[in-house]
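Report on the structure given below.
When reading the values below, keep in mind they use all heavy atoms of this one structure, side chains included, and skip hydrogens, waters and symmetry mates. So that the names make sense, note that chain A is the first sequence line, chain B the second, and so on, each numbered from 1.
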Amino acid sequence: MRIATWNVNSLTARLQHVLDWLAANPVDVLCLQELKLTDDKFPLDALAAAGYEAAVFGQKTYNGVAILSRAPVQDVVRNIVGFTDEHSRVISATIETPLGSARLVNGYFVNGQAPGTDKFDYKMRWLEALRDWLQKELQANPRLVLVGDFNIAPEDRDSFDPVGLRETIHHTTQERDHFRALLQLGLVDSFRLFDQPEKSYSWWDYRMLGYQKNRGLRIDHILVSQDLVPAVKACTIDRVPRKWAKPSDHAPVILEL
DNA sequence: ATGGTAGATCCTCTA
């Protein structure tokens, strides 16, 4: 089976891209971030016609996440449990995998703007709450997949300019410590289970020909719990839709189990 | 030191 994650930067603007991508890549589950629409505006019918059910946690203008699935999903939970958040950033559900049922957590992590800002402080509090919640989730669900736009480039090799961008947003020690804390919970970066091309990124700035120059970051990730590692067959980034007209600034990441 | 682009909403904010 295949599970994918894609920050679409407005589902209204990107619905046709999502439908075209699913037609070419009929994954079992697709997790979306940055819907930028409310639940009542979610294109349930168009996605149902493509063969997908949806669990949605929308928000006007900003944020918003959804889980699309060919098979029914169960026990949908919105937000980080125990953390009051005005933003719609996390949706989780139980899905079926080759190793049995698993918990799937889809997150649009806080961007954080720059160290020293209120938004960065929010990012740190959000990441602490996520870690504390996931620790409990993993105890209850040893099979767990954490996907989404993490807004963290975990290592220098995940950035086109790790020296010039040292300690700037996506690259700070504090953010990377938080990423490692997730790994210390028993999660594994599935992308790094395999040999990958150098300069593999999942996001490129729209500005200054970022994609054309491959000035990107790997900030979209799929982490799997230890119990799922033996089932992981591949993890890839699909750059194809980043080349389409009017693309999202992110590319989909695909996990094969 | 700044700007460049994109999306949604409103003429600015977020990324």
Rounded to the nearest angstrom, tell me the gap between atom CG in Leu209(A) and atom P in dT5(B). 9 Å
Return each pair, listed once, that meets ring-ring contact (aromatic ring centres under 6.0 Å, His included) where at least one residue sits in residues 32-63 of chain A; pairs must be two or more places apart or across chains. none
Inter-nucleotide P distance (dC10(B), dT14(B)), Å rounded: 14 Å
Mind listing the side-chain donor-acceptor pairs of residues 73-84 of chain A below 3.5 Å, one per line with the distance, residues two or more places apart or on another chain?
from, atom 1, to, atom 2, distance (Å)
Arg78(A), NE, Val56(A), O, 2.9
Arg78(A), NH2, Val56(A), O, 3.0

Show each protein N/O and nucleotides 13-15 of chain B N/O combination with a separation under 3.5 Å, one pair to a line.
from, atom 1, to, atom 2, distance (Å)
dC13(B), O2, Tyr62(A), OH, 3.4
dT14(B), OP2, Lys119(A), NZ, 3.1
dA15(B), O3', Asn111(A), ND2, 3.4

Between dT2(B) and dA8(B), how far apart are the C1' atoms? Round to whole Å, please. 25 Å
Restricting to side chain to side chain donor-acceptor pair (under 3.5 Å), what partner residues turn up for Asp121(A), sequence neighbours left out? none
Going by side-chain hydrogen bond (donor to acceptor under 3.5 Å, both in side chains), name the pairs with one or both residues in residues 225-236 of chain A, residues two or more places apart or in two chains. none
Short side-chain donor-acceptor distance under 3.5 Å, Ser248(A) and Asn9(A): no
Categorize Arg14(A) for me: base, sugar-phosphate, or nothing, with a 4.0 angstrom heavy-atom threshold over every strand shown. sugar-phosphate
In whole Å, what separates the C1' atom of dA15(B) from that of dT9(B)? 15 Å
Determine the Euclidean distance between corresponding P atoms of dT12(B) and dA1(B); express it in Å to zero decimal places. 25 Å
Taking only Lys NZ, Arg NE, NH1 and NH2, and the carboxylate oxygens of Asp or Glu, determine whether Asp189(A) and Arg218(A) approach each other closer than 4.0 Å. yes
Going by side chain to side chain donor-acceptor pair (under 3.5 Å), name the residues that satisfy it together with Asn106(A), two or more places apart in sequence or in a different chain. Gln33(A)
Rounded to the Å, how far apart are His17(A) NE2 and dG7(B) C1'? 14 Å
d(NZ, Lys41(A); P, dA8(B)) in whole Å: 11 Å
Would you kindly give the CE-to-C1' distance between Met208(A) and dA6(B), to the nearest whole Å? 16 Å
Of all the nucleotides listed (dG7(B), dT9(B), dA8(B)), which has the minimum atom distance to the side chain of Lys60(A)? dT9(B)
Rounded to the Å, how far apart are Trp244(A) CH2 and dA6(B) P? 18 Å
